[in-house]
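In what follows, a single structure is set out as structure tokens and then discussed.
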Amino acid sequence: TAGDTTSSDDSTAPTSSTAAVPVRKRTLADYRLGRTLGEGSYSTVVAGVDLSNKRDYAIKVLDKRHIIREKKVKYVNIEKNTLYKLDHPGVVKLYSTFQDSSSLYYVLELCQNGELLTFIKRLGSFDENCTRFYAAQILTAIEYIHHRGVIHRDLKPENILLDHRMYIKLTDFGTAKMLEPSEDGTESDRANSFVGTAEYVSPELLTEKAACKSSDLWALGCIIYQLLAGRPPFKGSNEYQTFQKIVKLEYSFPAGFPATAMDLVSRLLVHDPNERLGANNTIDKLKQHPFFDGVEWDELWTQPAPRLMPYL
Ligand SMILES: C[C@@H](Nc1nc2c(c3cc(-c4cn[nH]c4)ccc13)C(=O)N=C/C2=C\CC1CC1)C(C)(C)C
């Protein structure tokens with residue numbers, strides 16, 4: 001059975017009904033590790049069964065020496081604190097962490113259906129109805145993390161995962177930015193340094209090295225384009241070529257690309273972060289775009305996901 005995918009309670013936290021029994025810190029001995037699910041630049045995610053409750057989890061393993069050598073300790077703590085703070089059906093849950101002499105371990109929600117990218121490659125593209133559903137789920141997950149003062153900064157189909165219900169889960173917050181309360185909404189709502197993955201990185205990240213909430217909206221525009229077209233809008237033969245296309249806004253829609261989706265994408269792939277539809281905490285304006293006509297926003301996380309159909 002899947003790990004606590006339905007409720008937020010987990011086996012390690014005492015529930016209100018039981019006495020406050022001391023919660024024993026988990027160790028690796030509490031899990032039977034399975035196959036490797038994904039490899040990150042500083043981590044490996046493996047399947048794991050909690051031997052005490054037979055529930056499936058994803059266990060992210062980080063090599064301490066590697067993290068220290070690569071000076072990524074800050075990012076590791078940002079990810080852990082961000083994940084513990086976020087609680088939304090579209091964000092992967094972090095249940096507990098522990099460590100041993102060589103590694104750090106995160107016990108996370110298992111997303112049984114893996115990466116969204118796998119399905120885009122398998123189908124070639126998503127039809128309009130499926131694109132609408134997944135774009136709406138990603139949009140509400142982005143709206144939630146932004147409301148909590150978090151910018152993801154590296155959204156892409158590789159780290160947007162799918163659970164057993166084929167619902168999306170945002171993951172990989174190692175490069176996220178937690179806006180300080182003072183930073184949110186004022187002129188300094190910029191997060192510096194880090195650059196995301198070439199195809200999805202926003203122009204402001206390339207020119208001013210400063211991401212903002214609107215950078216995640218740019219990535220959403222790239223993802224919606226990719227769901228319908230089967231490829232990202234900016235793709236050069238190498239990273240530098242890709243960056244060139246982005247700063248020059250050099251992209252075009254393939255023949256047959258649906259008109260309302262074309263209008264939406266062109267309102268997101270806008271150079272000026274403030275001019276993007278939904279920028280400056282106006283995500284409601286994004287939800288009202290004609291492309292999302294028919295979306296039942298209140299049913300989005302209870303209705304069954306649509307059967308995946310390619311856009312032919
Ligand atoms: C994006 C990530 N890949 C993955 N991260 C997570 C998975 C995951 C699952 C599959 C999968 C499941 N079935 N088949 C494939 C493939 C890749 C996965 C999961 O289930 N639960 C939490 C995860 C991540 C939690 C997040 C805090 C890091 C990278 C590539 C960085 C390793």
Side-chain angles (χ1 to χ4, degrees), residues 1-6 8 10 26 31-50 55-64 66-67 70 72-99 103-123 134 137-138 141-142 144-145 148 150-178 194-200 216 219 223 305 308:
T1 56
D4 321 293
T5 45
T6 46
S8 61
D10 68 28
R26 287 275 192 273
Y31 299 91
R32 185 179 65 248
L33 299 191
R35 68 189 179 95
T36 294
L37 299 170
E39 304 272 355
S41 32
Y42 299 96
S43 65
T44 301
V45 175
V46 296
V49 182
D50 181 322
R55 285 183 172 163
D56 294 311
Y57 293 92
I59 301 190
K60 177 171 180 170
V61 186
L62 300 103
D63 179 89
K64 284 198 225 180
H66 185 49
I67 290 165
E70 302 288 321
K72 295 294 174 188
V73 175
K74 182 180 76 153
Y75 284 117
V76 167
N77 288 315
I78 288 173
E79 176 165 68
K80 188 173 83 165
N81 300 333
T82 304
L83 284 167
Y84 268 139
K85 165 180 167 179
L86 299 175
D87 178 19
H88 185 277
V91 177
V92 74
K93 271 184 188 41
L94 172 61
Y95 294 108
S96 67
T97 61
F98 55 86
Q99 59 181 294
S103 309
L104 301 173
Y105 302 90
Y106 291 11
V107 181
L108 295 136
E109 185 171 11
L110 175 64
C111 306
Q112 284 86 347
N113 282 300
E115 299 176 8
L116 175 61
L117 181 66
T118 308
F119 290 88
I120 299 173
K121 287 182 172 172
R122 192 177 295 165
L123 266 78
Y134 283 105
Q137 282 212 332
I138 296 167
I142 289 173
Y144 170 77
I145 67 169
R148 303 298 311 276
V150 174
I151 309 173
H152 188 286
R153 297 200 295 181
D154 194 17
L155 286 174
K156 53 186 176 179
E158 293 91 320
N159 60 32
I160 295 175
L161 303 178
L162 294 157
D163 69 8
H164 67 293
R165 295 182 294 181
M166 286 300 279
Y167 282 5
I168 64 109
K169 296 272 177 193
L170 301 188
T171 67
D172 204 5
F173 284 79
T175 51
K177 173 72 186 172
M178 200 98 89
F194 172 72
V195 173
T197 305
E199 287 81 359
Y200 308 91
D216 287 340
I223 292 165
L308 288 184

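Heavy atoms only: backbone and side chains are in, while hydrogens, waters and symmetry mates are out. Just so you know, residue 1 is the first one in the sequence shown, and it goes up from there. We count ligands from 1, going down the list as the structure has it; atoms in each ligand are counted the same way.
The CG atom of D216 sits 4.5 Å away from the CG atom of L155 when rounded to the nearest 0.5 Å.
Side-chain contact of D154 with T197: a donor-acceptor pair under 3.5 Å is present, judged by distance alone.
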Derivation of the salt bridge (charged side-chain N to carboxylate O under 4.0 Å, His left out) call for R148 and D87:
CA-CA 10 Å; R148 303 298 311 276; D87 178 19; over 6 Å; no
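Counted within 6.0 Å of NZ on K80, heavy atoms from surrounding residues, nucleotides or ligands total 12 or fewer; the atom is thus considered open.
Between the side chain of D56 and the main chain of L110, no donor-acceptor pair closer than 3.5 Å is present.
Salt bridge present: K169 and E109 bring a charged side-chain N and a carboxylate O closer than 4.0 Å.
Using a 4.0 Å heavy-atom criterion, the residues that approach ligand 1 are R35, L37, G38, E39, G40, V45, A58, K60, E79, L83, V92, L108, E109, L110, C111, Q112, G114, N159, L161, T171, D172.
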